[in-house]
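One structure is given below, encoded as structure tokens.
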Amino acid sequence: IASSFLWHGQNLSGGEGVVAGSLDWYNDAGAYAGVWSGSGDTKADGYGGSETDLYVGYAGEAGDLSFDIMYATYLYNQEDTDGNVNNDINDIAEVIVTLGYDAFSVSVAKNTDTDKNGDYLFATLGMEAGDFAFTLGNISGSEENYYGTDYSYVDAAYAYNDAITFTFSQIVDQDVADTYSDGGQFVVSYSLPIE
């Protein structure tokens, strides 16, 4: 449960609260698969609806080194105020590679359907320090990509405990002015893992 849907520096729920959940399977060898679904996506664009993500991957670690290779597809169901389904926003799919060393991580996501959503590359640099986590992200690619413009953002998160997290996110640079909010986004979220 979160006060809004914050994703890659964007407030996708238009500032409204969201509920999301996932069901995940993994084994000791490092393979995993799962499904994630959440409410409130695309409300910032004037639509209601939901998002469902399907993903498979393989992850492992050796000492302070870690890696994760994942394929994910994001499926959208948008409805206008009359309840009609809107298909203007295309589903997307990405291959995501993450490498970590100690408290630092680098992640790169590449779109796998360039004919549908343009060609783009999403990269993040992350760092954890105790209960704090920091992320610098950047989207770059063709001018006609899923995100609409190239931009960079910074996230700072504080984990109050195992369930409550406070996050502040700020767009720090974008090619097209006013595409995304210039003001910072503040989100509080509560999560409950069940094994």
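These numbers come from the heavy atoms of this one structure, side chains and all, not from hydrogens, waters or symmetry mates.
Side-chain atoms of V108 and L121, non-hydrogen and from C-beta on, do get closer than 4.5 Å to each other. Using a 4.5 Å heavy-atom cutoff, the side chains of F122 and K110 are not in contact.
Among all heavy-atom pairs drawn from Y101 and L65, the shortest one is CD1-CD2, 3.3 Å. When all heavy atoms are compared, the tightest approach of S22 to W36 is CB-CD1, 3.9 Å. Between E94 and A109, the closest heavy-atom pair is OE1-CB, 3.8 Å. When all heavy atoms of G137 and T124 are compared, the closest pair comes out as CA-CG2, 3.9 Å. L6 and N11 make their closest contact through CD1-N, 4.4 Å (heavy atoms, listed as atom of the first residue, atom of the second, distance).
Legend: residues meeting ring pair (Phe, Tyr, Trp, His ring centres under 6.0 Å) with Y158, ordered by chain and number and at least two apart, are F132. Residues passing the side chain to side chain contact (heavy atoms under 4.5 Å, CB included) test with V106 are L125, sequence neighbours excluded. When the side chain to side chain donor-acceptor pair (under 3.5 Å) test is applied to S37, the partners found at least two apart in sequence or on another chain are T52.
Taking hydrophobic clusters as Ile, Leu, Val, Met, Phe, Trp and Tyr residues chained together by side-chain heavy-atom distances below 4.5 Å, W7 shares a cluster with I139.
Between the CG atom of D155 and the CD atom of Q185 there is a distance of 10.0 Å, given to the nearest 0.5 Å. With rounding to the nearest 0.5 Å, the separation of CD1 in I96 from OH in Y71 is 10.5 Å. A distance of 7.0 Å separates OG1 of T98 from CE of M70, quoted to the nearest 0.5 Å. Atom-to-atom distance recorded for L75:CG and E51:CD is 8.5 Å, nearest 0.5 angstrom. Rounding to the nearest 0.5 Å places NE2 of H8 at 10.0 Å from OG1 of T135. Going from atom OH of Y120 over to atom CG of N111 covers 4.0 Å, rounded to the nearest 0.5 Å.
For the residue pair Q10 and Y151, a side-chain donor N or O sits within less than 3.5 Å of a side-chain acceptor on the partner. There is no side-chain donor-acceptor pair under 3.5 Å between S140 and D150.
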Please tabulate, for side-chain N and O atoms in residues 54-62, each donor-acceptor pair with protein atoms closer than 3.5 Å (sequence neighbours left out).
{"residue": "Y55", "atom": "OH", "partner": "D24", "partner atom": "OD1", "Å": "2.5"}
{"residue": "Y58", "atom": "OH", "partner": "A29", "partner atom": "O", "Å": "3.1"}

Less than 3.5 Å apart, which donor and acceptor atoms pair up between the side chains of residues 186-195 and the rest of the protein, not counting sequence neighbours?
none

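Between the side chain of S39 and the backbone N or O of V19, at least one donor-acceptor pair lies under 3.5 Å.
Side-chain contacts under 4.5 Å among hydrophobic residues (ILVMFWY), followed directly or transitively, place L136 together with V154, V172.
Atom CG of D162 has 12 or fewer neighbouring heavy atoms from other residues, nucleotides or ligands inside a 6.0 Å radius. Taking a 6.0 Å sphere around CZ of F134, one finds it holds more than 12 heavy atoms contributed by other residues, nucleotides or ligands.
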